[in-house]
> 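First, the structure itself, so that you have it in front of you.
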Amino acid sequence: MDFRVIAKLVASRIGEEPTDLDKVLEGLGIDMPWIDKIKLVHSMEGVEAVYHAVSGKILVRRVNAARA
């Protein structure tokens, strides 16, 4: 599947609160390796991601355009 399609699906499922990327992908029935998740995050506009070192998770959230 194309990263642009997955990026749009993921972006439609997240809000302004940080969300675990793995849970969003799992909800969509998508499993991908770590490097593909990084590529996915880079292809999403209006979304920021942080790596939570303690839990080992990538947290994503929609960026408010007024703050950006």
> What's the separation between atom OG in S12 and atom CG in L9, rounded to the nearest 0.5 Å?
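One gets 5.5 Å once the value is rounded to the nearest 0.5 Å.
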
> So that I can tick it off, tell me whether R61 and E48 are bridged by a salt bridge, with the cut-off set at under 4.0 angstrom between side-chain N and carboxylate O.
yes

> Would you name the heavy atoms of A7 and M44 that are closest together and state the gap between them?
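Heavy-atom minimum between the residues: CB-CG, 3.4 Å.
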
> Other than L59, what residues sit in its cluster of Ile, Leu, Val, Met, Phe, Trp and Tyr side chains whose heavy atoms are under 4.5 Å apart, directly or through others?
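Hydrophobic cluster check, L59: joined to V50.
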
> Suppose the criterion is ring pair (Phe, Tyr, Trp, His ring centres under 6.0 Å): which pairs have a residue in residues 37-63, not counting sequence neighbours?
W34-Y51

> When you compare the side chain of I6 with that of L25, does any pair of heavy atoms fall below 4.5 Å?
yes

> Under the side chain to side chain contact (heavy atoms under 4.5 Å, CB included) rule, collect the residues that match up with R4, sequence neighbours excluded.
D2

> Tell me which pairs pass salt bridge (charged side-chain N to carboxylate O under 4.0 Å, His left out) where either residue lies in residues 20-30, with sequence neighbours left out.
D20-K57, D22-K37

> State, to 0.1 Å, how close V47 and V63 come at their nearest heavy-atom pair, and which atoms those are.
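What the structure gives for the nearest pair is C-CG2, 4.0 Å.
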
